[in-house]
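What follows is a short report on a single structure.
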Amino acid sequence: MPPSNPLPPKENALFKRILRCYEHKQYKNGLKFAKQILSNPKFAEHGETLAMKGLTLNCLGRKDEAYEYVRRGLRNHLKSPVCWHVYGLLQRSDKKYDEAIKCYRNALKWEKENIQILRDLSLLQIQMRDLEGYKDTRYQLFMLRPTQRASWIGFAMSYHLLGDYEMANSILDAFRTNQMKGPYDYEHSELLLYQNMVLAESGQYERALQHLQKFQSQILDKLSVKETSGEYYLKLKRFKEAETVYEDLLKRNPENVMYYQKLIEAKQLSDPAEKVVFFDVYKKEYPRAIAPRRLQLTEAQSQPVFERLVDEYLRHGLHKGIPPLFVDLRTLYENKTKADTIEKLILQYIENLLKSGAFGPEPSEVKQPASALLWAYYYAAQHFDYKKETERALHYIDAAIEHTPTLIELFIVKGRIYKHAGDPVSAYQWVEEAQALDTADRYVNSKCARYMLRAGHVPRAEDMCAKFTREGVPATENLNEMQCMWFQTEAAATYQRLHQWGEALKKAHEVDRHFSEIMEDQFDFHSYCMRKMTLRSYVGLLRLEDVLRAHPFYVRCARVAIQVYLRLDTHPLQDAPQTPEPDTENLAPSELKKLRNKQRKAKRKAEQESALAAQVQVKREQHHKARQQQEQGDPEAPQLDELVPDKLARVEDPLEQAIKFLQPLRMLAADKIDTHLMAFEIYFRKERPLLMLQSIKRAWNLDKGHHHLHDCLVRFTRWLDDALPNLHPHVAAVIKAEVQPMVGGRSAVQMAEEFVGGEGVRRQAGALWGARALRRLLPERTEQALALATSLQYPDLTIQGCVEVLESLREGEFGPCEQQIERYVEACAVRFPYAIAFKAAGATSTDTPHNDDPQEPACTN
């Protein structure tokens, strides 16, 4: 205790018992002891006891009282490190890490060598990536506890993360030679591999290789030693040694694709024919290995050689009945000649199998099992689906189902064919048939739920997922707890298509919270990894967390959220109209009786719904309480605000909310042009010229000819014509100088006309954006813009592209054009006969399984 406000022995003993109770999570006992001290009038305002009482209350979920007591204690004893430390712990529990760091620094002013505070401070600094501050704190801990292993490791890692590899290596060397005594175990092995990684990242590959060779007897992970040494040999251009290493590794695992690629690099093979011969050697050496056979197909350029090799590969796959054979070979389809060769072979197989039961027409051909024809049909269906020949794909998958009507994969592929053809309703119905064949298969269950979401059947998808979620808890809640982000991103996109903006935003915010939770969860690993010596994995974790929001799940949910907020900014939701009270005085007795009956039924239904909601809420609270008791983490973790869809959709500042989703993308997904185009759309609405310019410049550097970028540039130029005189002279000068290389002195109208007459409109998306710009700038040329947008002669014509054109027409972007919409829908229906987006309401596919609820509306987008 600080001498300024000491406690007598009896109260001091009680205070120590409060500390022990806190450490052992005996919070109620801690409150009793605190009460005994504070009930004494002499110590009723004892700062540290008040602070500890507040900390204990915080652990019991009484946050407001906790802050009140801690702040009161701090006011009474401003120079107490305990009070500041406790205040920091409270801030940390609320995830206010910056504030907590300030509190810890204040605590250290009054007790510079408090080990616990320094440790807590170092954890927060690495969490916030304050690497310079982390280095200073680890240095202090190192000086205070030079015999502890964690002091050395943390000190070395602080230099490593800052890029001072030489210093980090020197500290690790000193620790290894002076501190590490005794038998060589796993932890010692991991330390050596970590030190080797530090040397390699410094670019000293020769030194790293020597280090690896020197200590390889003490490293238990022999596979890492071999793979790392092979990598170093390649970096140092010592190809003979690298060749020997990778040949040894291939003996260990002949299916590892990377080993073959590295061995080709070591042998310095560049000619495709040489690589084909190279794989022939390993096909003979490892006759059961698939990897050399598959890699050989990628390298084969000669058509006769490729045909011979792929014929052998396909026969083996169809004979064995390998379901993912098409997925395995799909990358070859980038080469049209190879795709045509495969098609020719598959059709020959089907013909010969039907005639003679063998792959070839020769009498000497070996008879194949009956399943070979089935898998040939299965492959052909996927092949023609890939080529967008829906009729032929359906023909072959129907033949496969007729051959073996109990194979789950066939129904999944048929569903996929309908999905690609633009009929998500038939797609999910066929996948539902597959799910009914094996209700215990979680993969098929998830696939079915995904297809239901794409068809717009959200309740059905939730019911399907409920088969594998916890009983007594709604499926959506359980999926949210499990951070099932594939479901939530799909649901967000579905709600967006259905124009249920609040629900879409709710799902997007849930995914955003998952990423925040993942970043917060790393907190526990900062001390654990140094204790367990998993240092390489720990560094990998830190680097992953730094770019976490570049993950596709976040990018998708952020895109949905930004698009919805932009829509809400342009078209804010109107308040729901109030239902007028019926005029009961002027009603006839019979009408009044009917009205009363109707009101009673409505009241009864509302009571039942509220009772059911109350039961669900009770179960939810019980579940959350049980889960909180089971968790070993912070029991005082803050409760997040409930996400209410209607509240989210009626937010006052949609553009500010959109910026919150945009900021991580601007930092971590700056290589994607969509990031900067979305940024422009936001800042254009906020009328922020410099930020608009920045977004356009970044997009321009990525893809000068992008169709959406053209529209952004046209709108920005048009906006500048009106706004430039009102801007600050310096801002105007900067904008003029930076825009000049992109605009080239042209007006907005000139740019739009040039784009319409150039290569940009040779594709469907470019034509749509060009038509929008033309119609916006020159309304008198609406007919030309409409013809450009609604043409079906583009080589990259897609269902989704036509749907976007149809939405633009219906949104009125080309003015009133009902007749053009009808003609366009009819033309698209002819071009895409299966796509329900272009069918009349109520029209369904003639080839679908039974549907228990045909009246349920489907998403047509």
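One side chain, Q125 or T137, offers a donor N or O that lies under 3.5 Å from an acceptor on the other. Judged by distance alone, the side chains of R497 and T494 do bring a donor and an acceptor atom under 3.5 Å apart. Side-chain N/O atoms of D385 and Y418 include no donor and acceptor closer than 3.5 Å. Side-chain contact annotation: H676 with Q694, donor-acceptor N/O pair under 3.5 Å absent.
Within 6.0 Å of OH in Y794 there are more than 12 heavy atoms belonging to other residues, nucleotides or ligands. Crowding of K388 atom NZ: a count of heavy atoms from other residues, nucleotides or ligands under 6.0 Å not exceeding 12. Counting heavy-atom neighbours within 6.0 Å of K387 NZ, excluding the residue itself, gives a total above 12.
A salt bridge is absent between K102 and D98; no separation between the charged side-chain nitrogens and carboxylate oxygens falls under 4.0 Å.
Evaluation of the salt bridge (charged side-chain N to carboxylate O under 4.0 Å, His left out) rule for E681 yields R685, R715 as partners, not counting sequence neighbours. The side-chain contact (heavy atoms from CB on, under 4.5 Å) test applied to R763 returns D796, not counting sequence neighbours. Listed by chain and number, the residues in a ring pair (Phe, Tyr, Trp, His ring centres under 6.0 Å) with F487 amount to none (sequence neighbours excluded). With sequence neighbours excluded, the residues that form a side-chain contact (heavy atoms from CB on, under 4.5 Å) with R559 are V555, R556, Q563, D674, M678. Scanning for ring pair (Phe, Tyr, Trp, His ring centres under 6.0 Å) contacts around H509 gives F661, with sequence neighbours left out. R746 pairs by the salt bridge (charged side-chain N to carboxylate O under 4.0 Å, His left out) definition with E754, not counting sequence neighbours. Qualifying side-chain contact (heavy atoms from CB on, under 4.5 Å) partners for D653, counting only residues two or more places apart in sequence or in other chains: V651, E656, Q657. Legend: residues meeting salt bridge (charged side-chain N to carboxylate O under 4.0 Å, His left out) with R688, ordered by chain and number and at least two apart, are absent. The side-chain contact (heavy atoms from CB on, under 4.5 Å) test applied to M519 returns Q522, E545, L548, R549, not counting sequence neighbours. The salt bridge (charged side-chain N to carboxylate O under 4.0 Å, His left out) search around E783 returns none, not counting sequence neighbours.
The stretch residues 718-745 participates, sequence neighbours left out, in these side-chain hydrogen bond (donor to acceptor under 3.5 Å, both in side chains) pairs: K697-E738.
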Could you walk me through whether K507 and E510 pass salt bridge (Lys or Arg N to Asp or Glu O under 4.0 Å), step by step? CA-CA 5 Å; K507 294 300 177 189; E510 285 176 354; 3.7 Å; yes
Could you go step by step and tell me if Y97 and D130 meet the side chain to side chain donor-acceptor pair (under 3.5 Å) rule? CA-CA 11 Å; Y97 296 134; D130 175 13; over 6 Å; no
List the steps and the verdict of side chain to side chain donor-acceptor pair (under 3.5 Å) for Q793 and R762. CA-CA 9 Å; Q793 304 306 314; R762 300 295 181 265; over 6 Å; no
Take E132 and K135 through the salt bridge (Lys or Arg N to Asp or Glu O under 4.0 Å) test and state the conclusion after the steps. CA-CA 5 Å; E132 284 291 346; K135 182 188 75 172; 3.6 Å; yes
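Put simply, the side chain of Q784 never gets that close to the backbone of R781: no donor and acceptor are under 3.5 Å apart. Remark: side-chain polar atoms of T489 are paired, donor with acceptor, to backbone N or O of W486 under 3.5 angstrom. Checking side-chain atoms of Q764 against main-chain N and O of T798 turns up a donor-acceptor pair under 3.5 Å.
Using the six-membered ring where Trp is involved, H710 and F755 have ring planes that are parallel, under 30° apart on the 30 and 60° scheme. Between F515 and Y554, the two ring planes are perpendicular [angle over 60°; tilted spans 30° to 60°].
Considering every non-hydrogen atom in both L677 and C712, the closest pair reads CD2-SG, 4.0 Å. Nearest heavy-atom pair, I836 versus P424, reported as atom, atom and distance to 0.1 Å: CD1-CD, 3.7 Å. Heavy-atom minimum distance, Y134 versus S122: CD1-O, 3.4 Å. The two atoms that bring T675 and L662 nearest to each other are O-CD1, 3.7 Å, heavy atoms only. When all heavy atoms are compared, the tightest approach of A752 to V714 is N-CG2, 4.4 Å. In this structure, C465 and L479 approach most closely via the heavy-atom pair CB-CD1, 3.9 Å.
The line from CG of D703 to CG of N701 is 11.0 Å long, rounded to the nearest 0.5 Å. Distance check, rounded to the nearest 0.5 Å: CD1 of I562 to CD1 of I682 gives 5.0 Å.
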Counting only pairs under 3.5 Å, give me each side-chain donor-acceptor contact of residues 767-780, with atom names and distances, residues two or more places apart or in other chains.
| unit_1 | atom_1 | unit_2 | atom_2 | d |
| --- | --- | --- | --- | --- |
| R772 | NE | S808 | OG | 3.4 |
| R772 | NE | E813 | OE1 | 2.7 |
| R772 | NH2 | S808 | OG | 2.4 |
| R775 | NE | T782 | OG1 | 3.4 |
| R776 | NH1 | D711 | OD1 | 3.2 |
| R776 | NH2 | D711 | OD1 | 3.2 |

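The ring of F716 has its center no closer than 6.0 angstrom to the ring center of F684.
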